[in-house]
Amino acid sequence: MSESQLLSVRGLSKKFGRVVTAEDVTFDVREGEAFGIVGPNGAGKSTLLNLIGGVIDPDAGSIEFGGRDITRLKAANRAKVGIARSFQIPRPFVDMTVFENVYVGSSFAGGTRGQHGYDRAYAALETTGLLGLAETPAGQLRLLDRKRLELARALATGPRLILLDEIAGGLTEKEIPPLIDTIRGLLASGVTVVWIEHIVHALVSVVDRLMCLAEGRILALGDPHEVMRSPEVIEVYLGTTFDIDEGRAS
Amino acid sequence: MSLALSDNTAGHRAQVHRSTRASLVGLVVAVIVVVSLAYGPFAFLTKGNQQNLTTLFIYIILGTMWNLLAGYAGMVSIGQQAFIGIGAYGIVYASDILGLGLWIGLALALVISGIVAYLVSFLAFRLSGGYFAIGTWVIAEVIYLLTTQINTLGAGAGISFTAFRGYKPEIRIAVVYWIALAAVVVAVAVTYLLLRSRLGAGFTAVRDDATAAATLGVNVTRSRRIAWVVAAMGCGLAGTLLAMTTLNVQPGSVFKIQWTAFMIFIVIIGGVGTIEGPIIGAIVFYALERYIGDVGFWYLVILGIIAIAMVLFLPKGLWGLISGNGRLRLFPTGYRLTSPLPTPIANGTPDSREGESS
Amino acid sequence: MEWANAVVQGLLLGGLYALLAAGLSLMFGVMRLVNLAHGALAIVAAYLGYVLVQNTGLPPFATIIVVIPVMAALGWVLQSTLLNTALNKQALAPILVTFGLAVILQNLMLQLFTADYRSIQVGDLAGASIQITPEIAIGVFPLITFIVGVIVIAALQQYLARTKTGRAMRATSDDREAATLMGIDNKRIYALATAIALAIVGVAGIFIGIKTQFNAYSGDTYLIFAFEAVIIGGLGSLWGTLAGGMILGVATTVGAQLFPSSGTLLADLVFLAILAFLPTGLFPKVVNG
Amino acid sequence: MALLEVESIDVFYGDFQAIYGISLSVDEGETLAVIGANGAGKSTLLKTIAGLSRPSAGDVRFDGTSIATLPPHKRVPLGIALTPEGRRMFPSMTIEENLLVGAHKSRPGPWNLESVYATFPLLSDRRSRLANNASGGEQQAAAIGRALMCNPRLLLLDEVSLGLAPVVVEQIYASLPTITAQGTTVLVVEQDVMHALRVADRVQCLLEGRTVLEGTPAELTRDQIATAYFGI
Amino acid sequence: GGGSINSSSSSAAASTAASDSASASQSAAPAGTVKIGFVSPQTGPLAPFGESDTFVINYMKDYFAKNPLQIGGKPYNVDIIVKDAESDSAKAGKAAADLINNDGVDIVMAAGTPDIVNPVADACEANATPCITDNAPWQPYVLGRSKGDINAKFQWTYHFFWGLGDIAGTFVDIWNQIPTNKKVGGLFPNDPDGQAWSANLPEGYKAAGYTLTFPPLYPNGTQDFTAQINYFKQQNDEILTGVPIPPDFTTFWKQAKQQGYNPKAATIGKALLFPSSVDALGDLGNDLSTEVWWHPTWPTTSSLTGVTPKEFCALYEEQTGKQWTQPIGYVEALFEVAANALTTSGSTDKAALVKTLSTLGTDTIVGKVQWDPNQKGPDGGPNVAVTPVAGGQWRLAPAGSKYKYELVIVSNAVAKKRGLDIPVGSKAEAIPGS
Ligand SMILES: Nc1ncnc2c1ncn2[C@@H]1O[C@H](COP(=O)(O)OP(=O)(O)OP(=O)(O)O)[C@@H](O)[C@H]1O
Ligand SMILES: Nc1ncnc2c1ncn2[C@@H]1O[C@H](COP(=O)(O)OP(=O)(O)OP(=O)(O)O)[C@@H](O)[C@H]1O
Ligand SMILES: [Mg+2]
Ligand SMILES: [Mg+2]
């Protein structure tokens with residue numbers, strides 16, 4: 001494995017009963033890159049993030065992060081070594097304020113307590129545009145803000161790798177470009193991003209490489225445009241040919 | 001766009017307030033109250049008063065502990081009577097039977113409660129929700145049934161607590177009263193400090209969503225275990241006080257599930273998820289028992305009616321009512337970001353309706 | 001043979017537990033309502049049966065004709081008034097409300113019927129049995145209890161799994177607001193569920209009244225067994241509740257045969273051991289129990 | 001006559017007003033797309049039509065009669081079905097049971113398990129899976145299928161394509177005309193404006209609780225919509 | 001500012017009687033009020049033990065209202081303050097402490113099972129207040145409070161009741177009337193009574209040629225007794241004894257019938273104490289035997305009111321419409337003893353009162369209650385006055401009777417030794433079908 005691999009997944013498998021959600025999945029993510037994941041509904045994308053984030057344990061295979069085997073590491077400790085994630089269906093701590101939600105991230109996984117932790121939480125709120133809602137109980141947030149909160153909490157942990165699950169879903173087209181800017185900013189600051197998204201044009205405009213999963217297996221992996229042009233991907237995922245220019249233009 | 005991942009870029013220092021004017025006033029008042037209560041037996045508290053207050057203190061401890069467990073850490077246990085029993089039997093065993101005296105007995109009883117809670121947690125924490133609730137109840141039942149098999153503890157017949165034999169009544173009552181006062185201060189203070197610490201935020205996070213908390217680095221099991229052990233030791237402490245006040249420990253009494261029911265009552269009528277709530281709840285519960293307790297069966301009927309009425313008409317509890325739905329906090333545990341805050345953003349929700357309370 | 005007898009008697013006891021737990025399983029497993037008044041309500045039914053037998057000369061088992069509708073009506077009223085409101089409040093509200101209800105019911109019954117123990121008389125049936133082998137005799141009344149328990153559970157299971165109303169009940173318990181969007185009147189469906197649960201509690205109460213003697217407080221004795229049966233079986237699964245009842249029953253009698261002082265203790269330990277390996281019970285049907 | 005008429009309704013959450021005097025009218029068989037930025041009040045509008053929120057002023061009429069005070073479960077038999085924001089599956093029931101619950105107050109019509117599975121092959125494979133375990137997209141598809149199961153006259157779709165793979169989105173939009181062809185009226189809230197414009201007969205754009213733009217897709221320009229979105 | 005809270009707690013329990021005494025006090029111009037606290041289980045699982053107390057308390061209040069107590073030659077009002085222990089020992093202890101320190105009672109009394117009596121006595125001991133208790137065998141009272149020391153001496157607390165030695169004697173006397181193999185099976189629960197009965201009975205039986213064996217003590221609320229029945233069957237026990245709570249005995253007895261265990265004699269404490277629990281057995285209750293503490297045929301009268309057991313039971317049945325029960329005699333006797341102690345000591349001073357109690361003798365409605373400071377442990381010790389006990393058998397009452405069963409005295413031998421000659425109603429019969 002070369003120096004620049006931040007995350008490397010080897011032969012990862014996971015079944016729920018008879019349902020195969022990951023089968024012998026092997027891929028690497030380079031430090032600092034933006035790695036996209038697409039695939040039909042139920043392909044196992046969220047499951048893969050759950051496996052990497054440690055929310056569920058694999059049946060087989062291994063995960064290395066920064067050269068260290070983390071396959072058996074608990075979710076909380078993975079967060080501490082620098083893996084952050086957002087959930088597809090946002091999971092805010094509804095009884096805490098937005099600020100407190102984010103402070104959980106900065107103080108626990110981020111390990112910055114007290115003033116440092118506050119400052120980092122503050123910065124994450126600022127980055128995600130949530131500052132105006134800092135004192136709002138998270139249970140009262142609407143969808144967009146919940147998604148932002150997912151991102152803000154992940155940021156506050158000071159991650160090396162951030163796993164995003166359909167963070168743009170539900171955003172209007174006008175709201176997507178600012179989000180893309182945010183993600184680009186993340187990348188610029190050296191964070192590695194793994195991003196699942198069905199809003200293909202948004203994804204393709206950011207990621208360096210794209211992986212398409214289907215039925216728990218890797219269908220295609222490589223240059224985003226090539227992956228999108230692959231007939232299998234078109235068949236199982238896109239339905240029609242994907243017009244990248246149209247996607248970019250909007 | 002600046003990415004503020006390193007601490008304190010853009011020159012902002014977030015100002016976070018953790019206490020309010022009310023809470024400072026509250027602290028001062030609390031200190032004055034505690035000091036005068038401590039002085040009370042020399043001046044204005046009769047034996048009866050001291051005895052009554054001791055009972056009240058026990059209720060406050062119990063309410064506070066159940067609140068820590070269920071209200072903050074989200075573990076709805078209906079088996080806390082296990083630790084009341086362990087505390088009560090523990091102090092009798094250590095003080096009387098092992099002959100270690102009152103103080104070591106007290107300490108040992110707490111340690112035993114903690115150890116049992118720690119061990120039990122490995123089983124209990126495999127369960128969640130309804131499974132956890134009933135599981136804890138059955139665990140308490142098992143501890144109860146085991147206790148009744150131990151002959152040195154009087155088996156099913158119970159045992160008298162004799163460490164105070166030879167004390168003059170007024171001395172014993174005052175000593176127990178001071179212990180109870182100290183205990184209640186410690187219990188509330190420990191709970192409060194725990195909740196104000198980073199762990200406090202962790203508890204609430206775990207309660208709201210354990211999976212999300214874990215991915216943010218909260219060690220879910222560990223933080224649950226801390227709350228569980230602390231709550232168990234608190235209930236054990238209440239158990240030792242119970243033994244000191246009733247001087248007679250019987251398994252069917254100390255291990256009965258009604259204790260937990262009373263804790264729930266205290267917490268809910270006072271207001272769940274606040275430090276103040278259980279204190280108010282305990283006072284109300286105590287007052288009910290004291291002032292209508294003599295009307296026999298009606299007392300219990302009234303207790304039942306109040307329980308129902310409170311839940312239906314005052315879901316936030318009495319403290320919710322007094323504090324104007326949480327605007328007044330004598331024991332704040334949260335984090336209020338006070339500055340620098342920008343003006344509300346254009347298409348965002350103007351958050352004036354949520355109010356930047358405090 | 002003693003052991004075989006213990007197992008047989010345990011299964012019969014399991015029938016009673018299952019019968020007692022069936023209503024609880026519906027309310028706890030399906031509506032997520034921890035009903036601490038379950039035991040007290042069973043005793044309400046037992047008193048009702050007792051009064052009927054005393055004052056009308058109705059044969060004991062025939063009292064269920066009256067007890068079922070009365071308990072069902074009580075369930076309907078309770079749910080439409082108290083419990084539906086409680087479910088709308090915070091999560092702990094139902095526990096406290098049903099606890100309050102239990103306390104009220106117990107003490108009103110004490111006032112009404114005094115502390116005297118009562119029992120519903122079934123004459124010779126009380127001691128009647130069928131001799132299977134020289135060592136094993138099956139009591140006729142326990143056998144009836146067992147059969148009724150199995151029938152009630154089977155019927156309830158089918159009702160929940162197969163009927164439209166049963167599905168609506170489960171849907172409502174998962175997400176009440178979403179259920180109203182399917183045209184389900186959640187208040188009505190919950191009232192119906194509680195009515196059914198209490199009708200079953202009514203039957204269980206009559207059987208307790210016949211099996212032994214009761215007074216206002218006797219219900220508490222059974223509460224924990226019923227809860228254990230529900231949990232061990234897995235929330236939301238009626239078959240699980242039946243299996244749970246049987247396991248507890250057999251664990252109790254076989255345990256007592258081993259250690260006569262500790263039948264209940266061993267049953268509790270078996271319960272915990274099963275949960276240690278299957279933290280959501282044998283056949284969990286409900287998500288986020 | 002219009003099937004649904006919303007007449008200058010105001011809707012509040014507590015003290016907060018989410019909708020200011022919005023009116024709309026949809027004819028039988030017509031498809032209306034409601035668009036707008038986050039928080040514009042789209043979901044609130046649909047919830048008000050389905051009965052989950054009550055307007056404090058104004059009226060909602062269905063088939064000529066006022067339904068403003070009717071609880072949601074009484075609107076379903078009239079033929080109003082909502083796919084709520086956030087899917088709201090019944091987690092402890094299987095996908096198929098979820099669909100069957102959708103048919104609780106079913107009216108006669110073309111939709112049944114078979115036709116839903118035919119429209120969403122995705123679901124057909126996963127019919128016996130617990131909704132709780134289903135993936136985000138599977139849940140979304142099931143939520144739409146569930147609403148169809150009652151054969152509604154008025155179908156309210158909130159964020160239809162959220163979380164769905166492009167191929168499924170295509171399928172859904174492809175099947176919308178079939179749905180409307182049977183006389184079903186559709187009110188769709190969609191983030192993806194291009195899609196919405198493609199299927200809608202008319203578009204109504206909301207901004208901060210008010211209607212700021214209305215028209216047929218042909219009439220509206222991109223710039224108009226962009227302006228309406230953010231009120232710049 | 002001491003007893004500011006006092007007033008509130010006394011009132012409610014019996015407001016009518018309280019107003020009676022108020023009117024009486026106007027005419028008599030009393031020298032003061034003596035306060036008697038009374039703790040018993042009126043609600044909760046032990047309520048059968050306390051439920052007849054209201055009758056006795058009201059009876060005593062009436063009596064004292066008309067007859068103020070003479071203490072040191074002056075008339076005193078008697079204020080009886082009742083507290084419900086809710087069948088809970090912690091509550092019982094707290095109630096006693098409450099009576100002493102908040103209500104300022106001069107003397108505390110309690111009745112009904114060791115669960116209630118022991119914590120009350122412990123509380124009185126710790127709060128230096130005289131305490132008189134009964135309705136619990138004396139062994140659990142002494143042993144339960146002294147960690148097993150039979151010679152324990154208490155300073156403030158006095159008890160009167162029968163002991164388990166007399167129970168053994170009485171039971172043997174019943175069984176001697178029925179031909180059996182003299183093998184006795186014991187059904188003992190793991191509670192204070194069960195512990196005491198199982199620990200103290202075997203020796204008494206062995207001397208008389210009976211062997212008592214029993215399986216380990218079971219917990220109250222046991223739902224299935226197959227293991228116990230198997231045990232008794234295997235031992236071929238033709239006699240059954242024990243001290244289960246009523247519902248457990250019913251469960252046991254019905255199961256025993258179903259599983260074909262039919263002893264010739266079943267002599268059971270506690271469960272067969274109350275007529276209602278025997279009624280609840282249906283016809284299965286016939287010829288079951290039990291210890292009798294007190295009975296309408298007791299040849300005694302109240303030293304205070306002069307009422308005889310027969311009259312007292314009749315009054316109870318008339319006022320409550322229920323069959324008489326044994327605790328009423330013993331609760332009445334508590335008041336006799338307390339009144340006697342107060343009058344004898346001539347003051348309400350607590351130290352003086354206990355001094356009086358230590359040698360006090362009273363001829364009560366339940367028999368002679370006599371404490372003796374020199375009594376040795378095995379006979380009850382200095383704080384226990386042993387009262388007589390007889391044996392009885394429940395018989396289906398003849399057709400047309402008001403009640404289903406009547407309790408017939410079948411053994412008086414032990415009581416006779418204690419100086420009380422109780423008329424025997426019948427010889428003991430074997431259980432039908434055995
Ligand atoms: N606990 C479980 N038990 C059974 N099946 C499961 C479980 N969890 C997930 N699945 C199934 O595994 C498959 C993969 O789910 P996953 O959530 O990873 O899909 P996804 O690729 O994220 O899909 P989407 O794009 O719709 O979000 C789905 O078909 C889902 O139904
Ligand atoms: N339950 C609620 N309590 C308080 N305010 C609410 C609630 N639901 C919505 N709101 C507020 O009402 C306004 C309109 O919300 P609504 O959900 O209708 O918008 P939307 O157009 O559907 O937005 P989105 O694209 O985010 O779904 C928002 O400002 C939102 O914050
Ligand atoms: Mg997914
Ligand atoms: Mg919306």
Side-chain angles (χ1 to χ4, degrees), chain A residues 53-55 74-80 84-85 87 91-97 99-101 103-105 107-113 115-127 129 131-137 140 142 145 153-158 181-182 185-186 188-189 191, chain B residues 1-10 12-16 72 74 197-202 204-223 273 326 333-351 353-358:
Chain A
V55 174
K74 280 192 293 186
N77 295 331
R78 293 193 204 195
K80 285 176 190 157
R85 74 163 297 180
F87 287 94
R91 312 181 77 146
F93 306 130
V94 292
D95 293 328
M96 302 171 99
T97 65
F99 179 77
E100 286 165 351
N101 262 270
Y103 180 65
V104 170
S107 64
F108 280 90
T112 48
R113 302 196 193 190
Q115 190 61 43
H116 278 307
Y118 303 156
D119 289 341
R120 185 183 275 185
Y122 185 90
L125 288 178
E126 199 170 37
T127 307
L131 213 40
L133 296 170
E135 290 293 280
T136 307
Q140 293 179 13
R142 52 180 214 248
D145 294 324
R153 286 196 313 201
L155 284 181
T157 66
D181 284 345
T182 309
L186 272 178
S189 70
V191 179
Chain B
M1 178 172 291
S2 76
L3 249 188
L5 285 176
S6 55
D7 306 334
N8 196 16
T9 35
H12 288 314
R13 277 186 68 79
Q15 278 197 24
V16 172
Y72 284 102
S197 78
R198 188 179 66 139
L199 260 177
T204 318
V206 169
R207 177 193 64 193
D208 283 356
D209 192 324
T211 308
T215 61
L216 292 175
V218 183
N219 190 329
V220 175
T221 315
R222 190 171 142 264
S223 72
T333 53
Y335 300 78
R336 294 282 89 84
L337 182 61
T338 46
S339 75
L341 282 177
T343 45
I345 34 178
N347 81 327
T349 324
D351 54 339
R353 70 201 152 101
E354 272 92 29
E356 294 145 347
S357 32
S358 67

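Values below: all heavy atoms of this structure, side chains included; hydrogens, waters and symmetry mates excluded. To find a chain, count down the sequence lines: A is the first, B the second, and so on, and within it residues start at 1.
- Highest contact tally toward chain B, considering only A/Arg91, A/Lys74, A/Met96, is held by A/Arg91 [criterion: heavy-atom pairs under 4.5 Å].
- Contact record, A/Ala79 with B/Gly217: CB-N, 3.4 Å, taken as the closest heavy-atom pair.
- Interface check for chain B: of the options A/Ala121, A/Ala84, A/Ala75, the most heavy-atom pairs under 4.5 Å are formed by A/Ala75.
- From A/Arg85, atom CZ reaches atom OG1 of B/Thr215 across 7.0 Å, with rounding to the nearest 0.5 Å.
- The CZ atom of A/Phe93 sits 6.0 Å away from the CG atom of B/Asp209 when rounded to the nearest 0.5 Å.
- Listed options A/Lys80, A/Arg153, A/Gln115 were ranked by heavy-atom pairs under 4.5 angstrom with chain B; first place goes to A/Gln115.
- Listed here is the closest heavy atom pair of A/Ala76 and B/Val218: CB-O, 3.4 Å.
- Here the closest heavy-atom approach between residue B/Leu216 and residue A/Phe108 is recorded as O-CB, 3.4 Å.
- Neither the backbone nor the side chain of A/Asn77 has a heavy atom closer than 4.5 Å to any heavy atom of chain B.
- Rounded to the nearest 0.5 angstrom, A/Asn101 CG and B/Asp208 CG are separated by 8.0 Å.
- Using a 4.5 Å cut-off between heavy atoms, A/Arg78 makes no contact with chain B at all.
- With sequence neighbours left out, A/Ser107 forms a side-chain contact (heavy atoms from CB on, under 4.5 Å) with A/Tyr103, B/Arg198.
- Residue contact with chain B, scored on non-hydrogen atoms closer than 4.5 Å, involves the side chain of A/Val55 exclusively.
- Side-chain contact between A/Phe87 and B/Thr211 is present, with heavy atoms from C-beta onward closer than 4.5 Å.
- Of the atoms belonging to B/Arg207, it is side-chain heavy atoms, and not backbone ones, that fall under 4.5 Å from chain A.
- With contacts defined as side-chain heavy-atom distances shorter than 4.5 Å, the pair A/Thr97/B/Tyr335 does not qualify.
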